[in-house]
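Some notes on the structure that comes next.
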Amino acid sequence: LVLMALKLNAQTSGKPSPAGKTPPPPNKLHERVYLKSKGVGDLASATMSLYYWMEAQPSRKDLMDSLCFIYLARGMFGQSAAVAKEVLKDQKENLPVKEAHAQSYEGLGTYTEAIVVYQQLFSSVKRPLFLYKVAALQYLSKNFSASEQNLDALDALQEVEKETIILNYQGERVNSQAVPVLAATKNIRGILLMEAGREQEAEAMFNSALEIFPGFIMAERNLQALKK
């Protein structure tokens with residue numbers, strides 16, 4: 001019986017799987033699982049498959065970028081910030097990861113850190129969106145004078161008319177809205193004027209935002225609040 005078992009093992013050794021196909025190498029298997037799970041929105045499985053894939057193919061440093069973006073998409077801002085920080089140790093000019101790093105800090109509510117990274121991004125590429133983020137976060141941090149200075153700098157940029165930003169809303173049927181940065185800038189100026197008690201100027205600024213982008217939900221809400 002023992003001899004027969006040994007012979008059977010010898011006969012089956014090295015043969016392909018019953019389906020007639022050789023199993024893929026581990027890295028390819030994890031890649032397939034990652035792509036399939038991500039494709040159907042199963043980000044938890046996609047995250048786990050990335051860890052297995054990185055273990056099977058440690059030379060693929062770019063997989064850490066994907067891990068950062070997956071955590072960010074899941075709203076796991078602490079994890080995405082930690083992974084981004086690790087990536088940026090060796091790749092200081094990895095701009096997509098640096099942006100994810102700033103977004104992670106913003107999601108965590110650590111605005112001081114987010115402002116620093118957005119300022120670095122703006123210094124690198126002069127993109128109006130990043131300067132808008134700096135001004136908006138400075139407003140949220142109650143640093144109104146710095147926010148106004150950056151809004152002035154933003155208005156001076158020709159490229160500002162081409163940029164849009166996704167603004168999120170809570171408690172609304174519309175959860176998010178793509179808004180021109182120029183209109184969003186006017187809206188923040190209106191809020192700053194409200195804070196200063198300059199209500200007529202604030203109203204004019206909100207109306208200016210609505211002229212640029214009719215249906216701008218945040219500006220409409222601020223106008224309603226001003227008239228109450």
Side-chain angles (χ1 to χ4, degrees), residues 5-134 136-137 163-166 168 175-176 178:
L6 289 172
K7 286 182 178 179
L8 285 173
N9 285 338
Q11 290 171 357
T12 58
S13 175
K15 284 191 175 183
S17 61
K21 295 181 180 179
T22 302
N27 60 306
K28 288 296 182 183
L29 178 62
H30 300 316
E31 180 181 3
R32 281 163 52 180
V33 172
Y34 166 71
L35 293 173
K36 285 184 178 180
S37 54
K38 185 184 175 188
V40 298
D42 183 359
L43 299 185
S45 295
T47 304
M48 186 57 66
S49 63
L50 270 175
Y51 277 107
Y52 283 121
W53 189 2
M54 287 189 293
E55 283 296 315
Q57 201 171 9
S59 61
R60 287 287 304 274
K61 302 299 182 184
D62 59 300
L63 297 180
M64 283 285 281
D65 297 25
S66 299
L67 184 63
C68 174
F69 302 144
I70 283 282
Y71 275 135
L72 186 64
R74 295 177 67 185
M76 301 176 70
F77 302 121
Q79 288 85 345
S80 58
V83 175
K85 187 176 181 180
E86 189 66 27
V87 171
L88 292 169
K89 283 181 182 178
D90 299 320
Q91 303 174 44
K92 291 181 171 56
E93 297 308 313
N94 187 328
L95 296 182
V97 171
K98 187 172 280 192
E99 185 175 357
H101 200 199
Q103 291 171 339
S104 300
Y105 282 139
E106 187 178 351
L108 289 168
T110 53
Y111 296 149
T112 301
E113 289 85 352
I115 287 168
V116 169
V117 183
Y118 279 126
Q119 285 173 327
Q120 291 171 353
L121 284 163
F122 179 71
S123 296
S124 296
V125 295
K126 303 299 180 189
R127 203 179 153 196
L129 174 64
F130 297 138
L131 190 57
Y132 169 82
K133 283 286 193 178
V134 171
L137 293 174
E163 283 269 17
T164 59
I165 184 170
I166 303 296
N168 297 317
N175 295 319
S176 63

For this session: Would you please test Met54 and Arg60 for side-chain contact (heavy atoms from CB on, under 4.5 Å) and show each step?
Result: CA-CA 7 Å; Met54 287 189 293; Arg60 287 287 304 274; over 6 Å; no
Taking atom [atom1] of [X] and atom [atom2] of [Y], what is their separation to the nearest 0.5 Å?
| X | Y | atom1 | atom2 | result |
| --- | --- | --- | --- | --- |
| Leu88 | Leu95 | CG | CG | 9.5 Å |
| Leu29 | Arg32 | CG | CZ | 6.5 Å |
| Leu63 | Ile70 | CG | CD1 | 11.5 Å |
| Leu50 | Cys68 | CG | SG | 11.5 Å |
| Thr112 | Leu137 | OG1 | CG | 9.5 Å |
| Phe122 | Leu131 | CZ | CG | 4.5 Å |

Is there side-chain contact between [X] and [Y], with at least one heavy-atom pair below 4.5 Å?
| X | Y | value |
| --- | --- | --- |
| Lys133 | Ile165 | yes |
| Leu121 | Glu99 | yes |
| Leu72 | Gln103 | yes |

Side-chain donor-acceptor pair present, [X], [Y], cut-off under 3.5 Å:
| X | Y | value |
| --- | --- | --- |
| Ser104 | Ser80 | yes |
| Tyr118 | Glu106 | yes |
| Asn168 | Asn175 | no |

Shortest non-hydrogen contact between [X] and [Y], atoms and distance:
| X | Y | result |
| --- | --- | --- |
| Ala73 | Leu43 | CB-CD1, 4.0 Å |
| Ile166 | Ser176 | CG2-CB, 3.9 Å |
| Tyr105 | Ala81 | CE2-CB, 4.5 Å |
| Met64 | Val83 | O-CG1, 3.4 Å |

Exercise. Are the side chain of Lys98 and the backbone of Lys92 linked by a donor-acceptor contact shorter than 3.5 Å?
Worked result: yes
Exercise. Any sub-3.5 Å donor-acceptor pair from Ser49's side-chain atoms to Ala46's backbone N or O?
Worked result: yes
For this session: Starting from the C-alpha separation in whole Å, work towards a yes-or-no answer on side-chain contact (heavy atoms from CB on, under 4.5 Å) for Phe130 and Val134.
Result: CA-CA 6 Å; Phe130 297 138; Val134 171; 5.8 Å; no
Exercise. Should Tyr34 and Trp53 be marked as a side-chain contact (heavy atoms from CB on, under 4.5 Å) after you check the CA-CA gap, both sets of side-chain angles, and the distance that decides it?
Worked result: CA-CA 9 Å; Tyr34 166 71; Trp53 189 2; 3.7 Å; yes
Exercise. How far apart are the C-alpha atoms of Glu31 and Leu35, what are their side-chain angles, what is the distance that settles it, and do they pass the side-chain contact (heavy atoms from CB on, under 4.5 Å) test?
Worked result: CA-CA 6 Å; Glu31 180 181 3; Leu35 293 173; 4.1 Å; yes
For this session: Please work out which of the three classes, parallel, tilted or perpendicular, describes the rings of His30 and Tyr52, given edges at 30° and 60°.
Result: parallel
